[in-house]
Amino acid sequence: FLARGLGICAVVGALLLRYLYLHYLWRRQVEAEADARFQKLQARIRPHFLFNSLNTIANLIHKDADLAEELLQDLADLFRAALGKDGQTTTLAEEIALSHHYLNIEKQRLGERLRVEWDVDELPGDAMLPPLILQPLVENAVYHGIQPSRTPGLISIGGRYRRGQVNLSIRNTLPANPDRARHSGGNRVALENVRQRLAAMYPGAGRVVQARIEGDYQVRLVFPYPWKEH
């Protein structure tokens, strides 16, 4: 009886070790794929954004040198984040600040065509996130919602923290006659990139939700805080 019990324990132990080993390999693969997606995202900065930003700054140098310097610093912060170390994590506060920098540049280019509303005071700034998780969604809101529109548009960025879960939304108005063939592809690539990296950091708990609300387009990031992986 004792020998049979020890044998069963040995088999169960071996199966458990096998499971843990396979789980370890799976996690390594997920992390490697997440790193690859991040590298792809780093190379994704649209050239037209860089050229437009530099043109905006150049035009401001003689009109408002202080503002030109501020925008140049915003642009430097964006590229510093884009060229950051692979696999590095960041905080929600840093992601929000980066989006502020980006929108500050676009506001100078688009003028009254771009309006932005922020409602993020209730969010935990120290919540951990993959780098460049928010700014690409904000960029999509500008590129697909505001820029093609002939009338002024609005981007609303807000969030709530309830019951251990962060819910952050990026909502934008849409042009009356969107050019779907031109804009849909890039949006799907960026959105899928964000979705996969968030899911890799918070397996089974992090997700991205798309919706149409009263004619607007909305993307929500949902993830736990604090995070305890089981």
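Quick caveat: nothing in here was measured; it's all calculated off a predicted structure.
- In this structure, Pro130 and Leu198 have side chains that are in contact, with non-hydrogen atoms separated by less than 4.5 Å.
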Side chain to side chain donor-acceptor pair (under 3.5 Å) evaluation trace for Gln196 with Glu192:
CA-CA 6 Å; Gln196 292 180 4; Glu192 185 61 23; 2.7 Å; yes
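- Between the side chain of Glu95 and the backbone N or O of Leu132 there is at least one donor-acceptor pair closer than 3.5 Å.
- Here the side chains of Thr91 and Ile96 are not in contact, with every heavy-atom distance at 4.5 Å or above.
- Under the 4.5 Å side-chain criterion, counting only non-hydrogen atoms from C-beta, Val166 is not in contact with Leu221.
- Taking both residues in full, the closest heavy atoms of Ala141 and Asn172 are given as CB-OD1, 3.6 Å, listed atom of the first, atom of the second, then distance.
- Residues Pro152 and Glu112 fail the side-chain proximity criterion, which asks for heavy atoms closer than 4.5 Å.
- Tyr217 contributes no side-chain N or O that, together with a main-chain N or O of His144, makes up a donor-acceptor pair within less than 3.5 Å.
- Between the side chains of Glu69 and Gln73, no donor N or O sits under 3.5 Å from an acceptor N or O.
- What you find for Phe223 and Ala127 is that their closest heavy atoms are CE1-CB, 3.9 Å.
- Counting heavy atoms from C-beta on, the side chains of Val116 and Val138 never come closer than 4.5 Å.
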*May I have the step-by-step check of side chain to side chain contact (heavy atoms under 4.5 Å, CB included) for Ile146 and Glu106, ending in yes or no?*
CA-CA 10 Å; Ile146 308 303; Glu106 291 289 50; over 6 Å; no
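- Contact check for Val142 versus Ile155: side-chain heavy atoms found under the 4.5 Å cut-off.
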Worksheet item: Do Ile105 and Leu75 pass the side chain to side chain contact (heavy atoms under 4.5 Å, CB included) test, and can you show the C-alpha distance, the side-chain angles, and the key distance before you say yes or no?
Response: CA-CA 8 Å; Ile105 295 173; Leu75 188 62; 4.0 Å; yes
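- With values rounded to the nearest 0.5 angstrom, Arg160 atom CZ is found 8.0 Å from Leu123 atom CG.
- With values rounded to the nearest 0.5 angstrom, Met128 atom CE is found 7.0 Å from Tyr202 atom OH.
- Side-chain atoms of Thr173 come within 3.5 Å of backbone N or O of Leu154 as a donor-acceptor pair.
- Taking 4.5 Å as the limit, some side-chain heavy atom of Asn193 sits within range of a side-chain heavy atom of Arg197.
- When every heavy atom of Lys107 is checked against every heavy atom of Leu114, the shortest pair comes out as NZ-O, 2.6 Å.
- Put simply, the side chain of Ile170 reaches to within 4.5 Å of the side chain of Leu134, judged on heavy atoms.
- Summarising the geometry, atom CG belonging to Leu98 is positioned 9.5 Å from atom CG belonging to Asp74; distances are rounded to the nearest 0.5 Å.
- Taking CG of Leu137 as the start and CD of Gln210 as the end, the distance is 9.5 Å to the nearest 0.5 Å.
- Leu103 CG to Trp118 CH2: the interatomic distance, rounded to the nearest 0.5 Å, is 5.5 Å.
- Residues Glu122 and Gly159 share a closest heavy-atom pair of CB-O, 4.5 Å.
- In terms of heavy-atom proximity, Gln108 sits nearest to Leu67 at OE1-CD2, 3.3 Å.
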For Met201 and Ile133: C-alpha separation, side-chain torsions, deciding distance, then whether side chain to side chain contact (heavy atoms under 4.5 Å, CB included) applies. CA-CA 11 Å; Met201 184 167 185; Ile133 204 79; over 6 Å; no
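- Between the side chain of Arg113 and the main chain of Gln147, a donor-acceptor pair closer than 3.5 Å is present.
- Atom-to-atom distance recorded for Gln135:CD and His101:NE2 is 11.0 Å, nearest 0.5 angstrom.
- Here Glu214 pairs with Arg171 in a salt bridge; the nearest charged N to carboxylate O distance falls below 4.0 Å.
- No single ILVMFWY cluster, assembled from side-chain heavy atoms under 4.5 Å apart, contains both Leu191 and Val222.
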